[in-house]
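Within every chain, numbering begins at 1; the chains are lettered A, B, ... in the order of the sequence lines, protein sequences first and strands thereafter.
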Protein chains: 2
Amino acid sequence: MTKQIEQLLRMHIVRPSHHRIKIYQYLIEKRNHPSVDMVYQELVRTIPTLSKTTVYNTLQLFLEKGIVIMITIDENETRYDADTSLHGHFRCSSCGKIFDIRLGTDAWRLDGIDDFEINESHIYFKGWCPECRKKGALQ
Amino acid sequence: MTKQIEQLLRMHIVRPSHHRIKIYQYLIEKRNHPSVDMVYQELVRTIPTLSKTTVYNTLQLFLEKGIVIMITIDENETRYDADTSLHGHFRCSSCGKIFDIRLGTDAWRLDGIDDFEINESHIYFKGWCPECRKKGALQ
DNA sequence: CTTCATAACTGTAATCATTACAATTTTGTA
DNA sequence: TACAAAATTGTAATGATTACAGTTATGAAG
């Protein structure tokens, strides 16, 4: 596992330091679209010397190297995702959990953007997830 | 003009105070997806006593009443839009301007979300606008 | 036209995510 | 083993947003 992550990082010109490996591993194992703080709180338990700045720096580096994407579905804090393929996200207004949404391949018809050059697509939805709907929580 | 805005605000159970009318008028006349600060800087020129907190409070109220939407396409500050219809946005990475993107009516095919209840849709793109592409700025 | 309760507005101080930066530690290589 | 480069740390700044308490404006009742 670690070996594979090391290779992937190297491929993207990211030196595979111990912290970087752990952070990337967190992203792909949890698949929970975490905030900086979520990553930090989890990893600091096994790496007591970890600094939150390092998590910021590392995720910023991953962004620049294109191995993670930034998700701004939460107004308060940035979330990150190691799945860089084109897909949407759903954030439950009740429990706050973020889900992946598969997009149909034929899903797109945008008008009047022929002269624009699109580098990033962000597709977000908000509402109630199945579990919270069942519970009827708050609503 | 003012009369129409007053009616619209009243219809949505928003008392049409002087400040609220001016802020709403700014949104629909400029159509520039402004930040709180952009609204404030423009309006404080004619309303010297205006407080930035009032702009925050008012836009928050408009949000709750459903007459504006929040746009989180800019990582630093929230933008607002008085066009509440379903449409996308494009933010130019060079000049920072935000454009409206019309979405084809047949544009949607989402998989596996039948059990989700969607209340909001956010469709953002980032890249280069036509003008900045011509200029070849930075790129 | 005044009174008064309510709502709107103001200004300052707190909050909190993020960034800047200088000092320290780690790493890879010779 | 030594050393230069890169990574990491911790603290201090930044900047958008929110909290809150005091002040002002509003609109209905008399």
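Following rounding to the nearest Å, B/Asp74 (CG) and D/dG15 (P) show an atom-to-atom distance of 14 Å. Atom NZ of B/Lys22 is separated from atom C1' of C/dA8 by 17 Å (rounded to the nearest Å). Atom CD1 in B/Ile21 sits about 13 Å away from atom P in C/dA8, given to the nearest Å. Rounded to an integer number of Å, the gap from B/Lys52 NZ to D/dA19 P is 17 Å. Nucleotide C/dG11 holds its P atom 13 Å from the CG atom of B/Asn57, rounded to whole Å. In this structure, CZ of A/Arg20 is placed 12 Å from P of C/dT27, rounded to the nearest angstrom. The separation between A/Leu59 atom CG and C/dT19 atom P is 11 Å, rounded to whole Å. Residue A/Leu9 contributes atom CG, which lies 17 Å from atom P of D/dA6 at whole-angstrom precision.
Checking side-chain atoms of A/Tyr124 against main-chain N and O of A/Thr72 turns up a donor-acceptor pair under 3.5 Å. Side-chain atoms of A/Ser93 come within 3.5 Å of backbone atoms of A/Gly127 as a donor-acceptor pair (strictly under, hydrogens ignored).
The side chain of A/Thr53 contributes no N or O atom lying less than 4.0 Å from OP1 or OP2 of D/dT11. Under 4.0 angstrom from either OP1 or OP2 of D/dA25 there lies no side-chain N or O belonging to B/His19. Considering only side-chain N and O atoms, B/Tyr56 lies under 4.0 angstrom from the phosphate OP1 or OP2 of D/dT17.
Along DNA chain D, the nucleotide nearest B/His18 and the nucleotide nearest A/Ile47 are compared for position; the residue whose nucleotide lies closer to the 5' end is A/Ile47. Mapped onto DNA chain C by nearest heavy atom, B/Val14 and B/Pro48 fall at different nucleotides, with B/Val14 at the one closer to the 5' end.
Side-chain atoms of A/Thr58 lie closest to D/dT8 of the nucleotides D/dA6, D/dT8, C/dC9.
Within the nucleic acid shown, B/Thr49 comes within 4.0 Å of sugar-phosphate atoms alone, with no base atom in reach, counting heavy atoms only. Across all strands shown, A/Ser17 has heavy atoms under 4.0 Å from sugar-phosphate atoms exclusively, and none from any base. A/Thr78 comes within contact range of the sugar-phosphate backbone alone, with a heavy-atom separation under 4.0 Å but no base atom that close.
Side chain to side chain, A/Asp74 and A/His33 fail the donor-acceptor criterion of an N or O pair below 3.5 Å.
Ring centroids of B/Phe99 and A/Phe116 are separated by less than 6.0 Å, placing the two rings close together.
Screening B/Val14, B/Ile5, B/Leu59, B/Thr54 against B/Arg20 for a side-chain contact (heavy atoms from CB on, under 4.5 Å) leaves a single residue, B/Val14.
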